[in-house]
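In what follows, a structure is listed as structure tokens, so that the remarks can point back to it.
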Amino acid sequence: DRYDTDTNKARILAHEYGHAIHFQNEIITYTKTNEKFDEFYNKSRKLFKDNYDIKNFDRDWKQLRYSGEFNVKYGSRYTESEIIEMYLAVADHIGGLTRGRQGYGHKKSYYNSKYNLAKMEVFAHASENYFVGNQLFKDYFPDLYEESIKYMKEVSRVYGRWDATY
């Protein structure tokens with residue numbers, strides 16, 4: 001069950017809360033995105049392209065999962081389902097950054113929709129990182145992770161009175 005731990009429940013809530021934040025504050029809607037988000041999104045795309053093997057992300061990310069590396073590295077701190085959720089969150093974030101050319105979690109048509117759905121997923125995963133954290137994301141893509149935290153701190157400063165512990 002994907003929702004078998006409090007951490008997984010919190011991750012889903014943080015993700016959906018992220019969607020609420022971007023819609024209610026018109027950061028990302030079905031027809032537009034604001035300038036600060038576009039700066040974050042484009043910087044994240046460039047970081048991924050410049051610093052990682054983008055052509056082989058899918059193969060390499062799946063290989064890490066199925067090799068058992070994540071279980072060895074994180075098994076004492078997280079349950080199997082928590083590790084899988086963190087793994088899938090990274091894959092979906094990358095899907096959003098590459099518009100489905102790499103990464104996964106949704107169909108390519110979803111990421112390529114004219115309704116900003118890929119950008120919405122990136123924002124929602126940044127929200128997850130900010131409110132709940134994602135150790136796999138932080139360890140394997142530290143610059144992308146830190147950029148998402150930095151961006152969400154700014155969102156918090158401008159739009160809300162909420163803050164996070166991560």
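Keep in mind it's a predicted model, so treat the numbers as computed, not measured.
Using a 4.5 Å cut-off on side-chain heavy atoms (C-beta onward), Leu136 and Lys73 make no contact. A heavy-atom distance below 4.5 Å is not found between the side chains of Leu117 and Glu121. Side-chain contact between Tyr151 and Phe37: present, with at least one pair of heavy atoms (C-beta onward) separated by less than 4.5 Å. By the 4.5 Å heavy-atom criterion applied to side chains, Arg77 and Gln135 are counted as neighbours. Counting heavy atoms from C-beta outward, His19 and Glu16 have side chains that approach closer than 4.5 Å. At least one side-chain heavy atom of Ile94 sits less than 4.5 Å from a side-chain heavy atom of Leu144. Asp139 has its side chain within reach of Tyr74: a pair of non-hydrogen atoms, C-beta onward, lies under 4.5 Å apart. Residues Leu64 and Tyr140 have side chains in contact (heavy-atom distance under 4.5 Å, counting atoms from C-beta outward).
A continuous path of ILVMFWY side-chain contacts below 4.5 Å connects Ile21 to Val158, so both sit in one hydrophobic cluster.
In this structure, the side chain of Tyr41 engages the main chain of Gly96 through a donor-acceptor pair within 3.5 Å. Remark: side-chain polar atoms of Glu128 are not paired, donor with acceptor, to backbone N or O of Ala14 under 3.5 angstrom. Distance alone, capped at 3.5 Å, is enough to place a donor-acceptor pair between the Asn112 side chain and the Lys108 backbone. Proximity of a side-chain donor or acceptor of Asn134 to a complementary backbone N or O of Met86 within less than 3.5 Å is detected. Side-chain N or O atoms of Arg157 include none that pairs as donor or acceptor with a backbone N or O of Met152 at under 3.5 Å.
Pairing each heavy atom of Met120 with each of Tyr115, the nearest pair is CE-O, 3.4 Å. Considering all non-hydrogen atoms of both residues, Thr31 and Asn116 come closest at C-ND2, 3.8 Å. Residue Tyr87 comes nearest to Phe70 through the heavy atom pair CD1-CE1, 3.5 Å, listed as atom of the first residue, atom of the second, then distance. Heavy-atom minimum distance, Gly105 versus Asp92: CA-OD1, 4.1 Å. Pairing each heavy atom of Asn8 with each of Ser81, the nearest pair is ND2-OG, 3.1 Å.
Within 6.0 Å of CG in Asp53 there are more than 12 heavy atoms belonging to other residues, nucleotides or ligands. For CD of Glu26, the number of neighbouring non-hydrogen atoms (other residues, nucleotides, ligands) closer than 6.0 Å is 12 at most. Within 6.0 Å of OH in Tyr30 there are 12 or fewer heavy atoms belonging to other residues, nucleotides or ligands. For Lys138, the NZ atom sits in a loose shell: 12 or fewer heavy atoms of surrounding residues, nucleotides or ligands are nearer than 6.0 Å.
Ring planes of His22 and Phe123: perpendicular class, angle over 60° (limits at 30 and 60°). Classification of the His106-Tyr111 ring pair by plane angle, with boundaries at 30° and 60°, yields perpendicular. Taking the six-membered ring for Trp and thresholds of 30 and 60 degrees, His125 and His15 have ring planes more than 60 degrees apart, a perpendicular arrangement.
Atom CZ of Arg99 sits about 15.0 Å away from atom OG of Ser109, to the nearest 0.5 Å. Within the model, atoms CD1 of Ile28 and CZ of Phe23 stand 8.5 Å from one another, a figure rounded to the nearest 0.5 Å. In this structure, CG in Asp58 is found 12.0 Å from CZ in Arg101, a value given to the nearest 0.5 Å. One distance of note links CZ of Arg11 with CG of Leu13; it measures 11.5 Å at 0.5 Å rounding. Summarising the geometry, atom CZ belonging to Phe131 is positioned 6.5 Å from atom OG belonging to Ser156; distances are rounded to the nearest 0.5 Å. The structure places CZ of Phe141 at 14.5 Å from CD of Glu146, a figure rounded to the nearest 0.5 Å.
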Name each donor-acceptor pair under 3.5 Å that joins a side chain in residues 42-50 to protein atoms two or more places apart or in another chain, with its distance.
| from | atom 1 | to | atom 2 | distance (Å) |
| --- | --- | --- | --- | --- |
| Asn42 | ND2 | Asp38 | O | 3.1 |
| Lys43 | NZ | Glu147 | OE1 | 3.3 |
| Ser44 | OG | Phe40 | O | 3.0 |
| Arg45 | NH1 | Leu97 | O | 2.3 |
| Lys46 | NZ | Asp50 | OD2 | 2.5 |

Next item on the list: Would you sort out whether Ile27 and Tyr159 count as a side chain to side chain contact (heavy atoms under 4.5 Å, CB included), showing the intermediate values?
Entry: CA-CA 10 Å; Ile27 296 167; Tyr159 295 101; 3.7 Å; yes

Item checked: Residues Asp60, Tyr52; criterion side-chain hydrogen bond (donor to acceptor under 3.5 Å, both in side chains); working and verdict -> CA-CA 11 Å; Asp60 295 346; Tyr52 302 98; over 6 Å; no

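If you check the side chains of Thr5 and Thr7, you find no donor sitting under 3.5 Å from an acceptor.
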